[in-house]
Amino acid sequence: MKLLLGPILYARAQATPDPKSHDVWSFFVNVFLDSTSAKKPPALRLCFKDAKGKRVAVFDQATAAVDFTALPKNTRGVVWRWEVVLPRTDVAQRLSYHFESPEEPGVPVTFERPPPRDDRPLSSKVIPPEPLVVSDVVVPARGVSPNIAFFSCNGASRASDWSDLAQPFALWERMLQHHQKDPVDPAKTPGFQLLLGGGDQLYADSLHNTMDVLNAFMKLSRSERKSLPVPEGLEERLLVEYVWLYRERWGGSQGIAPLLRRVPGLFMWDDHDIFDGWGSHEELQQAPWYRAIYSAAARTFEAFQRGWLEQPARAREPDDRGVVQPARHYFQTFCFSTADCDLDVVLLDLRSGRTSRVIETEDAHPQTEFTVMSRSQWDAFDAWRDEHRRRPENGKKARHVLVVSSVPLVHLRFGPAMERMSGGSMGLRDDLLDQWESAVHRGERTRLLMNLFSLAKKSYCAVTVLSGDVHVGARARVRSRNPDHLVPALGTVGEVFIEQVTSSPIVHPPPGWLAFKGMLALSEDSREDLPGFLHTELLPVGKELYLRDRNWLSIRLERPKHHDTTARPKLWVKWIAEKEVLPMEVVVEPPPF
């Protein structure tokens with residue numbers, strides 16, 4: 001039995017604890033095996049042990065989460081999923097797990113090495129053929145919210161970018177060290193219980209060079225690319241290439257793989273998980289080849305970043321034409337609830353519905369409309385906000401909402417003239433259209449900000465935005481003096497605000513000093529007054545406005561001391577950088593009732 005990829009852990013929402021039942025911590029464990037049928041689960045049991053080697057739980061039932069048996073040899077297989085439910089105790093627990101055969105209980109299974117592809121190794125280091133035992137899965141104590149590690153930009157789009165990195169996975173090694181180290185204060189939860197990917201977990205741009213047919217297509221003129229039909233067999237070949245890419249980038253024993261095996265993950269894609277600039281190529285995205293590329297990227301995103309794939313043989317369509325099936329968006333919400341605080345995670349999909357469309361006007365001068373989120377996703381977001389407001393705990397206990405926006409809502413801003421000029425020889429138009437700060441997205445961005453302030457007011461919650469994409473760390477604050485957003489319990493305070501924390505990149509090299517200075521010279525100041533009595537600004541990260549250093553975020557929710565009856569659980573957000581030491585943290589407190 002060959003292990004093609006995994007194990008990979010996926011997070012599950014944690015419902016409000018029932019005082020009549022045991023408090024539990026649950027997630028999924030997926031492994032991609034070279035199974036020939038999705039109807040016959042492997043004879044494997046998933047076993048968890050504590051630090052003393054005592055069995056804590058055993059899970060026998062595996063279900064087929066992804067059926068890739070129709071793919072060619074050395075690629076085909078099935079992603080099997082085990083549902084894990086572990087009891088919590090009064091203290092955090094470090095557990096290990098392994099797979100075993102029912103015929104040999106207690107003996108960890110040794111999986112065969114996956115076959116190489118065209119004599120190329122899957123990665124510079126592969127998991128050796130020895131019993132697979134994974135340590136340091138941390139189960140939080142009863143009634144404690146998960147510690148979170150947030151990252152983005154896990155790769156590079158060009159070979160030259162990789163060559164600039166002396167230690168490409170230094171930040172992943174740092175994260176693993178943080179996860180395995182016990183805190184000085186034994187009352188605090190060690191490690192991480194949620195790995196949050198904010199976009200560009202894969203970097204699929206390399207396929208333009210490794211696939212000859214795709215490389216030749218990208219060299220055609222724009223008009224030819226818009227009309228060229230998709231040749232027979234291309235859809236399957238693209239799917240195979242994306243599957244191999246996940247196996248190469250997410251497998252082995254370094255980089256992201258050790259964390260995927262230990263920390264349950266939630267992931268939202270961005271353009272590089274499809275290819276650079278997807279969503280901002282305007283009419284090209286209606287071309288058959290572009291739709292075929294999107295379909296392969298979407299199916300493998302579902303398979304490996306979301307952890308399950310329904311209807312594996314059916315093509316995926318971008319959600320850019322309303323609600324035409326089988327188009328879909330990947331808007332996601334999860335709630336991690338305890339007795340004294342709710343932590344909601346909302347992941348916005350800024351790629352599946354991003355497009356441009358021509359709108360006919362009454363004066364016979366058609367206009368181009370640019371959208372970031374599809375109409376169906378806006379409907380889903382509105383419905384979630386209404387559901388969140390109607391929950392019985394609203395106004396009765398503290399609540400935090402983390403909103404993952406893969407592209408920052410506040411960052412460098414380039415004027416319309418710059419965007420028009422970049423459509424020519426500069427070739428940067430798609431990069432500028434990618435940003436929420438683009439002039440063409442200003443109305444939709446204001447709508448999103450107004451909705452977030454409304455959410456904070458009506459749901460008595462603190463809203464914090466997490467973003468990536470831009471290859472620097474940054475901090476922004478959006479203030480509102482709109483009377484509809486002010487919280488009565490704050491009394492005479494005349495404004496409320498939302499924090500945005502940007503963490504990028506964890507692997508991609510940060511911009512060079514000269515190139516970044518050029519970007520700053522061409523951009524406008526981040527301070528801006530928006531409709532609705534909103535005001536945006538960037539705040540320093542350490543000594544500078546921008547952290548031009550590779551980084552990721554450590555996020556924890558800290559409960560107040562038992563004797564303090566007035567304090568509310570605070571969210572603490574800290575950058576972990578490769579070279580700089582940043583003692584500062586962003587602290588967010590929910591509003592009073």
Side-chain angles (χ1 to χ4, degrees), residues 1-12 25-35 38 41-42 44 46-48 59 62-68 75 77-86 95-99 109 111 114 122-123 125-127 132-138 146 148-151 154-155 169 172 175-176 179 191-203 242-269 273 299-309 312 330 332 334 347 506:
M1 173 181 330
K2 295 182 176 66
L3 178 62
L4 304 182
L5 181 62
I8 300 176
L9 276 54
Y10 297 92
R12 295 186 65 191
W25 181 247
S26 58
F27 51 88
F28 296 107
V29 178
N30 286 19
V31 291
F32 186 19
L33 302 176
D34 65 335
S35 305
L44 293 174
L46 177 59
C47 304
F48 283 82
F59 304 95
T63 58
V66 182
D67 183 358
F68 276 150
T75 310
V78 177
V79 177
W80 298 101
R81 161 177 281 191
W82 284 259
E83 181 180 356
V84 173
V85 181
L86 297 170
L95 305 181
S96 64
Y97 69 88
H98 67 269
F99 293 93
V109 166
F111 291 100
L122 291 176
S123 66
K125 295 181 180 179
V126 296
I127 301 174
L132 177 62
V133 179
V134 180
S135 60
D136 291 308
V137 174
V138 179
I148 303 171
F150 175 88
F151 73 96
N154 176 46
F169 305 123
W172 283 116
M175 188 186 294
L176 182 60
H179 178 68
F192 302 104
Q193 294 78 51
L194 179 59
L195 181 65
L196 196 52
D200 297 339
Q201 281 76 241
L202 185 67
Y203 276 82
Y242 273 90
V243 170
W244 271 101
L245 207 57
Y246 276 97
R247 291 179 59 189
E248 292 169 353
R249 304 288 173 80
W250 282 27
S253 59
Q254 58 181 354
I256 193 176
L259 274 302
L260 293 175
R261 299 186 193 111
R262 291 170 168 85
V263 184
L266 294 176
F267 309 103
M268 178 50 69
W269 67 356
D273 298 289
R299 281 187 281 177
T300 49
F301 169 77
E302 293 175 27
F304 299 116
Q305 296 203 43
R306 299 197 68 185
W308 79 91
L309 174 65
Y330 298 109
Q332 304 169 62
F334 295 81
L347 299 100
I506 193 168

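All residue numbers refer to positions in the sequence shown, counting from 1. Remember, it's a predicted structure, so these values are computed and weren't measured experimentally.
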Under the side chain to side chain contact (heavy atoms under 4.5 Å, CB included) rule, what do Trp250 and Asn154 come out as? Steps first, then yes or no, please.
CA-CA 10 Å; Trp250 282 27; Asn154 176 46; 4.2 Å; yes
Are the side chains of [Y] and [X] in contact, using a 4.5 Å heavy-atom criterion?
| X | Y | value |
| --- | --- | --- |
| Phe192 | Val138 | no |
| Gln193 | Val137 | no |
| Leu44 | Val109 | yes |
| Val31 | Leu3 | yes |
| Leu259 | Trp172 | yes |
| Arg299 | Pro312 | no |
| Tyr97 | Leu46 | yes |
| Leu196 | Leu347 | yes |

Considering all heavy atoms, the nearest [X]-[Y] contact:
| X | Y | answer |
| --- | --- | --- |
| Pro7 | Val29 | CB-CG1, 4.1 Å |
| Pro42 | Leu33 | CG-CD1, 4.0 Å |
| Lys2 | Asp34 | N-OD1, 2.9 Å |
| Ser135 | Ser96 | CA-CB, 3.9 Å |
| Tyr10 | Pro264 | C-CB, 3.8 Å |
| Tyr330 | Met268 | O-CE, 2.8 Å |

Establish, for the pair Arg12 and Phe27, whether the NZ or CZ atom is under 6.0 angstrom from the six-membered ring centre and no further than 45 degrees off its axis.
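Ring-cation test returns no.
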Mark yes or no for whether [X], through its side chain, and [Y], through its backbone, hold a donor-acceptor pair below 3.5 Å.
| X | Y | result |
| --- | --- | --- |
| Arg262 | Val134 | no |
| His98 | Leu132 | no |
| Asp273 | Gln201 | yes |
| Arg261 | Ile8 | no |

What distance do [X] atom [atom1] and [Y] atom [atom2] have between them, rounded to the nearest 0.5 Å?
| X | Y | atom1 | atom2 | answer |
| --- | --- | --- | --- | --- |
| Arg247 | Thr300 | CZ | OG1 | 13.5 Å |
| Leu266 | Ile148 | CG | CD1 | 8.5 Å |
| Thr75 | Phe32 | OG1 | CZ | 7.5 Å |
| Asp67 | Ser35 | CG | OG | 9.5 Å |

* To do: Applying side chain to side chain contact (heavy atoms under 4.5 Å, CB included), run through Phe169 and Ile256 and close with a yes or a no.
  => CA-CA 8 Å; Phe169 305 123; Ile256 193 176; over 6 Å; no
- Message: Are Trp82 and Phe59, when compared by the centres of their aromatic rings, separated by less than 6.0 Å?
- Response: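 Between Phe59 and Trp82, which both carry aromatic rings, the centre distance is not below 6.0 Å.
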Is the Phe301 to Tyr242 ring centre distance short of 6.0 Å?
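No, the ring of Phe301 stays outside the 6.0 Å limit from the ring of Tyr242, centre to centre.
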Exercise. In sequence, state the C-alpha distance, the side-chain angles, and the governing distance for Phe267 and Arg306, and then conclude on side chain to side chain contact (heavy atoms under 4.5 Å, CB included).
Key: CA-CA 7 Å; Phe267 309 103; Arg306 299 197 68 185; over 6 Å; no
Using 30° and 60° as the class boundaries, would you call the ring planes of Phe304 and Phe68 parallel, tilted or perpendicular?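 Taking Phe68 first and then Phe304, their aromatic rings sit tilted (interplane angle of 30° to 60°).
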Go through the steps to decide whether Trp80 and Thr63 satisfy the test side chain to side chain contact (heavy atoms under 4.5 Å, CB included), and finish with yes or no.
CA-CA 6 Å; Trp80 298 101; Thr63 58; 5.8 Å; no
Any donor-acceptor pair under 3.5 Å linking the side-chain atoms of Asn30 with those of Trp308?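 Side-chain D/A pair, Trp308 to Asn30: absent.
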